[in-house]
Each structure stands twice: as structure tokens, then as C-alpha cells.
Number of protein chains: 2
Amino acid sequence: MRNTNRTEPPDSHFGEIRALHLFSDMSDESFMTLMRGAYVQTFPPQIELITEGEPSDFLHILIAGSVELFSTWNRRETVMDTVLPVSTFILAATIRDAPYLMSARTLEKSRVVLIPSLDVRAVFEQDMPFARSIIVELAQCYRTVVKNTKDLKLRTSLERLANYLLRERARHAGDQSFDLPIDKRRLASRLGMTPENLSRAFKNLQAYGVRVQGARIHITDQIELERFAKPNPLIDDLSA
Amino acid sequence: MRNTNRTEPPDSHFGEIRALHLFSDMSDESFMTLMRGAYVQTFPPQIELITEGEPSDFLHILIAGSVELFSTWNRRETVMDTVLPVSTFILAATIRDAPYLMSARTLEKSRVVLIPSLDVRAVFEQDMPFARSIIVELAQCYRTVVKNTKDLKLRTSLERLANYLLRERARHAGDQSFDLPIDKRRLASRLGMTPENLSRAFKNLQAYGVRVQGARIHITDQIELERFAKPNPLIDDLSA
DNA sequence: CGCTATGTTGATCCATATCAATAAGTGTGG
DNA sequence: CCACACTTATTGATATGGATCAACATAGCG
């Protein structure tokens, strides 16, 4: 595995990393301290970057590509989330110096920045703006998972899919058509259903103005879809 | 409602609040600043303390009694968690100055300390140890919700109940018998099932050495129950 | 006590999973 | 550029976990 990866100095990505909310407020000095210990690696698709249960040695930042967070129990596996650039993942494990709760694998060729968890913990003790950013980020992460729990417990799989499509559409500036960012198989798992059930769910949403051609989704009747999906800011608003 | 409540100075509870992880490391000065704006109130059972969607004006700390966090969507309701003393709740909303994602109601007569969210946000900017404690607490909260998501997505309701019972037993120092801390109706909702289904689930667990008399649970064959439940630290360990 | 909420049990229904077969992409090497 | 292999998606048939509806039992509680 290792020989297929490329290691490079993180210099070339300073800009994009620094621009992240998490790092934008800290002092130059603190930022350089973090970057000194960091390195960038490029991974091929389908590489397991992280295995749940292992100690969290690095904070990960996805610079390019895409990464899937998933979990396993008793021979079953479920997709917890999909990470798109540019964002960090497994911050909480890094902070608590606790084992990863989720595994991570690349979905496509991906570039990842690795910052030693030790450095993250050391630096936030010294840099109040950074500590503040971590607080805000963790609170955000927490709220995202709570929303996801509400989605899972309060909605049927058909309702979850309908609301997912509305969220995706919003992410695409409200375009009537857009491509699903991940395989249907993985989407099914993310939404807590089987691929077969997802396939049928798409069929059922035709009645509410959803057309599907491969990965391409057309929402022909937003109003009707919303009437069915009943989106709610306390579940579906990605910010706040 | 209001006239049934008692407002009292928080002085008498300084000790227990200060002993919480969240407040134990901060300076005396910061702590007093928080307490100056805080007040303690006693509520009767079944009072809605918080309604989801409302602005998060106060950080809540439960001193005595018990509080249920729940959420609603489209005429459906689900129990998200039960809070027992002494602990804080809705920290994330306070931090982000965002609307509550969950509602809260007292289950029994409860004493709650209310700290203005503004004060919390102001103080952590000034007090690094407090900021540090908030970070650790939020990371913990996040990991708890992630574990709960894994429980929901990877297990059947029978498996969730079995593991819940094992966790409760552990919480009771491994006693063979213990009382459920909440109504079965609410437990069912917490575990993502109906009361009828829970009732049958208890029946089904008889085969694995679980005896039920009202709220009292007897675990007569821990080994057998564990063989069925397959508890996993990355889902069931409350700490870490 | 009797009232009301909670819990249990039974019968049935429905959403979703599972199993199986086919179809449609997708990538690879000749 | 096509043929093959392999993965992913769809469709159908069936099984099952869990929900719903209804009746009854039980237990708190005023």
C-alpha cells in the first residue's frame, strides 16, 4: 500500500488549510507549529485511512478527492458520512486522545493532510483563537449528528431520501438537475436502507416530481416534493 | 406554570456545580462571573423547559430530578436522551448561539441551574482552562451521539435492548438486579421502538436470562446475554 | 376506591430486508 | 475500439422485523 502513496511537504496547501474556519483565526506562529509536524499524502481509491478502535494519532484534513466514514459491528457495516474537500475529520477523537469511533476510506484518489494529534492538543492550549475555533467546530459537528439522529428516528426511508434530495438540490444552488455525489449503494447505506429499497424509493418519488437517470437527478416539481418531504430547518439546514 | 416554580440563589449549589468537569478547572473569578448571572429554579414534573427551535438563552445544569430530551417532526416524537444529575445539557446550542435542536421536559420534580448563554460565551474567551473543558465536553458529547447512531443503524431493536440492559447493569456496579431508570414507554422511544415492541422484546430476552418484574430487571445469565448482545466498547462504553 | 396512564397481549398490516435473477454500466486488456 | 469481466443498479418474489389497531390488565395516584 505505502509505495503507491506520495508524500510531499504541506507548503503548497497552506492557503487552503489556513482558509478553513478551524485554522483561520489562529496566530501565524501557532499555524506554523502545526504545519511543521504535518505532512500531505496522496492515496489511491479504496484505501482504508483509519480503522475504528485504533488510537487517533492524526487529525485529518481532506484537500482533494472524497472520503467515506463508516462503522462496523457484527459483520454489518454502515456509512456514517461522506467527507468532501476541504474539511477536517475525526476532530473529536483527536481532542480526547481516544480511539477512532469510525473508519475512513478513500472513495477516489485523495489528498490528505495529517497533523499529529499531539500538536493539535498542544497548540490549542496556547492559542485562544484556535481553541475558540475548535469549540465552534465541535459544536457544529455535534449538532450535525443530532440532526442526523432525528432524521433517522423520526422519518421513514422514503422521507429521508426526499429530504436528502432537497438538501442536495440546495447545495447545487437550486438547480433543477444535479448528479448524486456518491454511488447509490453508499447513499443507501448513509440513509439507513438497502440498495434495493433505495431503488424502489426513487421509483416512489416519481409521483412527487423526481426523475432519475443514472446518477443524474431531475426535480421537476419542487413544491410537490416539499409537500411530501416536509423539510425542517432543525433537521435539514446544514448550517445553524 | 411560573407560580409553581421556586427561584433561589445558586449559592447553595456552588459546590456541586463547581465539581462538574466543565467547571472544575476554571478560575474562581470566572466561576463567580458565571454564577452571578445564574439562578436556580425548581420545576414540577412534566414541564417543558425548552422547546426546539427557540433561541438558546441559557445553559442548563440539572441539579436534582430528571429531564428528558426529545424531538418532534410531523406529529411524531422521539426521545433523544435522558439527563440525570448532575450534568449540563444543550451546551452546543449555547456555544453556537443557535436554536435548540431538542426540547426538554422534566420527568419528575427537578432543580435546574440556568446560566445565561451570553455569559458562557464571554467567559470562555477569557478563561483558557474553561475553554479547554468545553472542548473536552463537546468532544465527549459528539462521541456519545455517534455511538448512538451506530447503535441505531447497526443493530436490531432486540440487540439494542440487550445492550442497553448490559450498560444499565454496569452502571449499577454489576448488580444482578436493578430498576429501569425511566418508564418503559420512554425507554422504547429512546431505543427507537414502540412500547408494544419493547414489551415483546423483553419476552424474547427471557431466552437469554433476562427476567422482568415491572421496572425491576434481573439478569440471571450475563454470559448468555452477552453472547447475544455482543457489546462493543466503540458503541457501548459510556466513557472513551 | 375508582380514574387515568401505563403496560401487556393478540391480530393484522406495512415497511423494509433478503434472496434471486437480470440489466446496465465501467474499466481493462487485447 | 471492442469484448470480456466485474461491479453496481434494477426488478421481482418472498420473508420478517416492527408498527398499528384493539382489547384487556395493571398500577399509580388523587
Side-chain angles (χ1 to χ4, degrees), chain A residues 44-46 66 68 73-79 82 105-109 151-162 164 179-207 210-217 228, chain B residues 4 44-46 68 73-79 82 105-109 151-164 179-207 210-217 228-229:
Chain A
Q46 304 301 334
S66 58
E68 174 175 270
W73 178 79
N74 192 30
R75 311 246 143 219
R76 295 168 214 166
E77 179 180 315
T78 191
V79 173
T82 304
R105 73 165 72 92
T106 56
L107 292 178
E108 38 186 330
K109 188 183 171 202
D151 192 47
L152 276 173
K153 290 185 79 177
L154 290 167
R155 290 173 171 162
T156 66
S157 61
L158 193 60
E159 289 163 346
R160 288 199 295 278
L161 176 60
Y164 171 84
D179 285 326
L180 295 174
I182 50 172
D183 289 346
K184 289 179 182 170
R185 197 169 59 96
R186 297 170 200 284
L187 175 59
S189 179
R190 238 251 44 200
L191 294 176
M193 57 209 281
T194 58
E196 296 94 322
N197 192 15
L198 178 65
S199 202
R200 288 170 181 127
F202 273 124
K203 273 259 167 67
N204 290 331
L205 288 183
Q206 278 181 15
V210 175
R211 201 107 323 153
V212 183
Q213 299 170 17
R216 188 129 198 105
I217 306 294
F228 171 74
Chain B
T4 61
Q46 303 302 332
E68 174 175 270
W73 178 79
N74 193 31
R75 309 247 143 219
R76 295 169 215 166
E77 179 179 315
T78 191
V79 174
T82 304
R105 71 166 72 93
T106 56
L107 293 177
E108 40 186 328
K109 186 182 172 202
D151 192 45
L152 278 172
K153 291 185 78 177
L154 290 167
R155 289 172 171 163
T156 67
S157 61
L158 193 61
E159 289 162 346
R160 288 199 295 278
L161 176 60
N163 281 292
Y164 171 84
D179 285 326
L180 294 174
I182 51 173
D183 290 346
K184 288 179 182 169
R185 198 168 58 96
R186 297 171 200 284
L187 175 59
S189 179
R190 239 256 35 206
L191 295 176
M193 56 209 285
T194 58
E196 296 95 323
N197 192 14
L198 177 65
S199 200
R200 287 169 183 129
F202 274 124
K203 274 259 168 68
N204 290 331
L205 289 183
Q206 278 182 14
V210 175
R211 202 105 323 154
V212 183
Q213 301 169 15
R216 188 125 198 108
I217 306 295
F228 171 74

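Below, read A as the first sequence line, B as the second, and so on, with proteins coming before strands; counting in each chain starts at 1.
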Could you give the [atom1]-to-[atom2] distance, from [X] to [N], as a whole number of Å?
X	N	atom1	atom2	answer
L154(A)	dA15(C)	CG	P	17 Å
R186(B)	dA5(C)	CZ	P	13 Å
R185(A)	dC6(D)	CZ	C1'	12 Å
L107(A)	dT7(D)	CG	P	17 Å
E108(A)	dT26(C)	CD	C1'	15 Å
L180(A)	dT8(D)	CG	P	15 Å
N204(B)	dT16(D)	CG	C1'	13 Å
I182(A)	dT8(D)	CD1	C1'	14 Å

So does [Y] get a backbone contact from the side chain of [X], meaning a donor-acceptor N/O pair under 3.5 Å?
X	Y	value
K153(B)	S189(A)	yes
K184(B)	G214(B)	yes
T78(A)	L154(B)	no
T106(B)	P44(B)	yes

Once you round to the nearest 0.5 Å, how far does CG of L152(B) lie from CG of L152(A)? 6.5 Å
I'd like to know if R76(A) pairs up with E159(B) as an ion pair, taking the criterion as any Lys NZ or Arg NE/NH1/NH2 lying under 4.0 Å from an Asp or Glu carboxylate oxygen. yes
Do the side chains of E68(A) and R185(A) get close enough for a salt bridge, i.e. N-O under 4.0 angstrom? no
Choose from dT11(D), dG7(C), dT9(C) the nucleotide whose nearest atom is closest to any side-chain atom of K203(A). dT11(D)
Taking side chain as C-beta onward, heavy atoms only, is R190(B) less than 4.5 Å from R186(B)? no
Which is it for I217(A) and L180(A) under the side chain to side chain contact (heavy atoms under 4.5 Å, CB included) test, yes or no, and what are the steps along the way? CA-CA 7 Å; I217(A) 306 294; L180(A) 295 174; 3.8 Å; yes
Taking the axis from the first five pairs and the axis from the last five, what angle separates them in the helix from dC1(C)-dG30(D) to dG30(C)-dC1(D), rounded to 10 degrees? 40°
Going 5' to 3' along nucleotides 18-30 of chain D, which nucleotides have protein heavy atoms under 4.0 Å from the base (write B), which only from the sugar-phosphate (write S), and which from neither (write -)? SSBB---------
